[in-house]
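All values reported here derive from a predicted model rather than from experimental measurement.
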Amino acid sequence: MLRGWTILAVLGIAASLVAGCKNPPTQAEMGAYNYGPRPDNYEILIRDYLRPKLLDPVGAIVEFKAGPRELFQQDTTLRPLQYGWGVCVVINDKNTKGANDGPYPMVFFIRDGKIVAVNGGSDDNVIGWRYARTGCNELGAPFVTP
């Protein structure tokens, strides 16, 4: 068990180093893409996406913290380029034992009325969770672990 956590820690550190090697995107890079119209129904899109993924879809707390706002995520060795209307959502769902695990952030990219990418969530990995925190920070809703 300890070996598994050690491997995850090493992978997390390596990913942080690799992801940190890129320069921030320029305004020209971010402006070169068509984000489409600002979604008015983003809350419905996100709730529909989450419903089958949450263990307790009725009792889960889903808080919309920031967005929609144009958000650009550079292409890295760990994640492909993403852009669209970004929305930061903080979720507190029950675990398999019926207790709340505590809140976690997710960032949704919406383009042309569809969710095109998601960072964070229970089915993502350490890298996705890091990108979710970064995305929430960029959208103006820093996530601090309680």
Side-chain angles (χ1 to χ4, degrees), residues 1-22 24-25 29-30 33-146:
M1 178 80 169
L2 183 60
R3 184 171 182 243
W5 285 109
T6 304
I7 291 171
L8 280 176
V10 170
L11 288 173
I13 291 168
S16 296
L17 294 173
V18 171
C21 294
K22 288 204 115 181
E29 284 178 309
M30 294 184 331
Y33 296 93
N34 180 5
Y35 292 79
R38 184 181 188 276
D40 292 329
N41 63 339
Y42 66 94
E43 287 189 21
I44 293 168
L45 289 171
I46 292 170
R47 287 185 192 280
D48 286 347
Y49 174 90
L50 289 172
R51 192 169 291 113
K53 297 182 180 305
L54 296 172
L55 289 176
D56 181 16
V58 175
I61 300 167
V62 179
E63 296 179 83
F64 291 84
K65 293 293 192 175
R69 203 177 97 207
E70 290 182 356
L71 185 63
F72 181 88
Q73 178 180 292
Q74 287 177 297
D75 182 36
T76 67
T77 55
L78 304 171
R79 293 274 162 139
L81 172 113
Q82 295 299 338
Y83 64 94
W85 291 93
V87 179
C88 172
V89 178
V90 174
I91 297 161
N92 196 349
D93 190 19
K94 299 212 185 284
N95 61 24
T96 55
K97 295 178 182 173
N100 281 355
D101 274 340
Y104 58 89
M106 291 182 75
V107 171
F108 295 84
F109 289 85
I110 301 171
R111 203 169 50 243
D112 297 323
K114 295 181 190 120
I115 295 173
V116 294
V118 178
N119 287 330
S122 60
D123 57 351
D124 208 343
N125 57 35
V126 173
I127 306 308
W129 300 331
R130 181 175 180 274
Y131 277 108
R133 283 178 167 70
T134 301
C136 283
N137 288 344
E138 288 180 30
L139 291 167
F143 181 80
V144 179
T145 304

Task: Approximate separation, where rounding is to 0.5 Å, of R47 CZ and F64 CZ - done: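 So the gap between those two atoms works out to 4.5 Å.
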Task: Reported OG1-to-CG distance for the pair T134 and L71, which is rounded to 0.5 angstrom - done: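 Interatomic distance, T134 OG1 to L71 CG, rounded to 0.5 Å: 10.0 Å.
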With a 3.5 Å cut-off and sequence neighbours excluded, list the donor-acceptor pairs that the side chains of residues 87-94 form with protein atoms.
from : atom 1 : to   : atom 2 : distance (Å)
N92  : OD1    : G102 : N      : 3.3
D93  : OD1    : D56  : N      : 3.1
D93  : OD2    : L55  : N      : 2.7

TODO: Give every residue pair that meets the ring-ring contact (aromatic ring centres under 6.0 Å, His included) criterion with at least one member in residues 77-111, sequence neighbours excluded.
DONE: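 Checked against ring-ring contact (aromatic ring centres under 6.0 Å, His included) - neighbours excluded - the pairs reaching residues 77-111 are Y33-Y83, Y35-Y83, Y49-F108.
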For [X] and [Y], work out which heavy atoms get closest and say how close.
X: R69; Y: E138; value: NH2-O, 2.7 Å
X: P37; Y: D112; value: CD-OD1, 4.0 Å
X: A132; Y: V107; value: O-CG2, 3.3 Å
X: C136; Y: P105; value: SG-CB, 3.9 Å

Mind checking side-chain hydrogen bond (donor to acceptor under 3.5 Å, both in side chains) for [X] and listing every partner two or more places apart, or none if nothing turns up?
X: N137; value: none
X: Q73; value: N119
X: R51; value: D48

What pairs of donor and acceptor atoms, side-chain ones from residues 39-46 against any protein atom, are under 3.5 angstrom apart with sequence neighbours left out?
none

